[in-house]
Amino acid sequence: MDRMIYVAMTGAREAMRSQSLVAHNIANASTTGFREVRHSVSSAPVPGPGLGTRVNPVSLGDTWNATSGTMVQTGKVLDIAVQGPGWIAVQDAEGNEAYTRAGNLHINASGLLETAGGQLVRGNGGPISIPPFNELYVGNDGQISIVPQGQTPEGLATVDRIKLVNPPAERLVPGGNGLFRMADDSTAAADANVRIASGQLESSNVNAAAALVEMIELARTYDMQVRAMHSADENSAAAAKLMRSGG
């Protein structure tokens, strides 16, 4: 009976882990640029004597959905959306480079360009500092230009260029904060072919209805595994009672 309980227990454990990720996805169904995270599970036979009838679920690690979200027009100059493949380079809380598709940017009190999550946007040489301006423009190559405060449009000057990257999807791993990083902790090179559009935002790629259905299915799977554990416990108790009666 111990093997039956172990098989049911590992099944319940993986169902709970999948539920946690699906709940995380549902919570971010309206988060700008969010990428759906998926939990992959495979089946592996339980080794040992006897017939090979027992199969354990084995976690294959988390993957993510690379499909683009819907583009939403906002008209705000600091709302940017990556067109097609690519990422915006930012600086995470530990000072490391990370990547996001969330382009709802703003200028903080120190004059630095940052995301809605508070991560500093990286330019050619680090965080991007924006001087006081009358007008600001973001080109489709990430170049930021301003008309400095007190000057006419003829004084248009380039400030910096947002670092845009496009590493292979298989080299990126999701972090718990919605950011992505290189799997080997390296830094992706800037890619001049990545294009952005100002005045747009990319929505989350989570299908909320499909995620809710998946959550219900996972809840049923978990319940089935718990019932299997109860059945194993009842069978064990019945077998012990039978053996006592036989003795």
Side-chain angles (χ1 to χ4, degrees), residues 11-41 57 59-93 97-106 113-121 138 162 164-183 194-225:
R13 180 194 63 198
E14 296 305 323
M16 283 186 65
R17 176 160 168 69
S18 294
Q19 281 182 306
S20 174
L21 284 180
V22 173
H24 178 68
N25 289 336
I26 293 173
N28 286 283
S30 60
T31 299
T32 301
F34 181 79
R35 287 289 182 268
E36 178 186 28
V37 182
R38 293 171 172 167
H39 183 213
S40 302
V41 177
S59 177
L60 298 178
D62 298 342
T63 57
W64 55 282
N65 180 1
T67 306
S68 296
T70 304
M71 297 299 167
V72 180
Q73 294 284 344
T74 67
K76 298 179 180 177
V77 67
L78 283 179
D79 283 346
I80 61 173
V82 178
Q83 305 294 294
W87 298 83
I88 302 165
V90 297
Q91 182 172 297
D92 66 15
E97 186 166 297
Y99 308 104
T100 182
R101 297 274 297 194
N104 42 345
L105 312 180
H106 67 274
L113 189 64
E114 67 178 20
T115 66
Q119 295 90 24
L120 297 176
V121 178
V138 181
I162 297 172
L164 302 171
V165 303
N166 187 25
E170 61 272 16
R171 293 189 62 194
L172 288 173
V173 293
N177 52 3
L179 300 176
F180 283 71
R181 61 178 175 79
M182 298 292 283
V194 179
R195 288 291 180 267
I196 60 173
S198 178
Q200 296 183 35
L201 287 177
E202 180 184 356
S203 65
S204 168
N205 70 348
V206 175
N207 184 324
L212 284 172
V213 171
E214 185 180 5
M215 181 64 89
I216 294 171
E217 291 175 346
L218 288 169
R220 288 177 176 171
T221 299
Y222 179 82
D223 185 55
M224 183 180 68
Q225 304 292 355

Inset, instruction - On the 0 to 90° scale, with breaks at 30° and 60°, tag the W87-F180 ring pair as parallel, tilted or perpendicular. - result: tilted
Legend entry - Side-chain donor/acceptor of T70 to backbone N/O of S203, under 3.5 Å: no
Legend entry - Test applied, side-chain hydrogen bond (donor to acceptor under 3.5 Å, both in side chains); reference residue, E14; option that passes from H39, Q19, Q225: H39
Inset, instruction - Find out whether E214 and S18 are in side-chain contact, i.e. whether some heavy atom of one side chain is under 4.5 Å from a heavy atom of the other. - result: no
Legend entry - Donor-acceptor contact present, side-chain E202 to main-chain G33, <3.5 Å: no
Legend entry - Sub-4.5 Å side-chain heavy-atom contact between P174 and R35: no
Inset, instruction - Provide the closest heavy-atom pair for P85 versus V194 in the form atom of the first, atom of the second, distance. - result: O-CG1, 3.9 Å
Inset, instruction - Identify the two heavy atoms, one from V22 and one from A211, that lie closest to each other, and give their separation to 0.1 Å. - result: CG1-O, 3.4 Å
Inset, instruction - Working to the nearest 0.5 Å, report the span between CD1 of I80 and CZ of R101. - result: 10.5 Å
Inset, instruction - Check whether any side-chain heavy atom of T74 lies under 4.5 Å from a side-chain heavy atom of N104, and answer yes or no. - result: no
Legend entry - Side-chain heavy atoms of I88 within contact of V82, under 4.5 Å: yes
Inset, instruction - Output the distance between atom CG (L164) and atom CD1 (I196), rounded to the nearest 0.5 Å. - result: 5.5 Å
Inset, instruction - For residues L172 and R181, determine if any side-chain heavy atom of one lies less than 4.5 Å from a side-chain heavy atom of the other. - result: no
Inset, instruction - Return yes if some donor-acceptor pair links the side-chain N/O of N28 with the main-chain N/O of H24 below 3.5 Å, else return no. - result: yes
Legend entry - Closest contact, heavy atoms only, A29 versus S204: O-CB, 3.3 Å
Inset, instruction - For Q73 and M71, indicate whether the former's side chain and the latter's backbone hold a donor-acceptor pair under 3.5 Å. - result: no
Legend entry - From D92 atom CG to L120 atom CG, the distance as rounded to the nearest 0.5 Å: 10.0 Å
Inset, instruction - Verify, without hydrogens or angle tests, whether S40 (side chain) and L60 (backbone) share a donor-acceptor contact under 3.5 angstrom. - result: no
Inset, instruction - Working to the nearest 0.5 Å, report the span between CG of L78 and OG1 of T115. - result: 12.0 Å
Inset, instruction - State, yes or no, whether a side-chain contact exists between E114 and H106 at a heavy-atom distance under 4.5 Å. - result: yes
Inset, instruction - Taking the side chain as every heavy atom from C-beta outward, state whether I26 and V206 have any pair of such atoms under 4.5 Å apart. - result: no
Inset, instruction - Would you check if the side chain of R38 reaches a backbone N or O of L21 as a donor-acceptor pair within less than 3.5 Å? - result: no
Legend entry - N65 side, atom CG; N25 side, atom CG - distance, nearest 0.5 Å: 9.0 Å
Inset, instruction - Taking T32 for its side chain and A102 for its backbone only, find out whether a donor-acceptor pair lies under 3.5 Å. - result: no
Legend entry - Main-chain N/O of E36 paired to N205 side chain as donor or acceptor, under 3.5 Å: yes
Inset, instruction - Measure the shortest side-chain to side-chain distance between L179 and Q119 over non-hydrogen atoms and say whether it is less than 4.5 angstrom. - result: yes
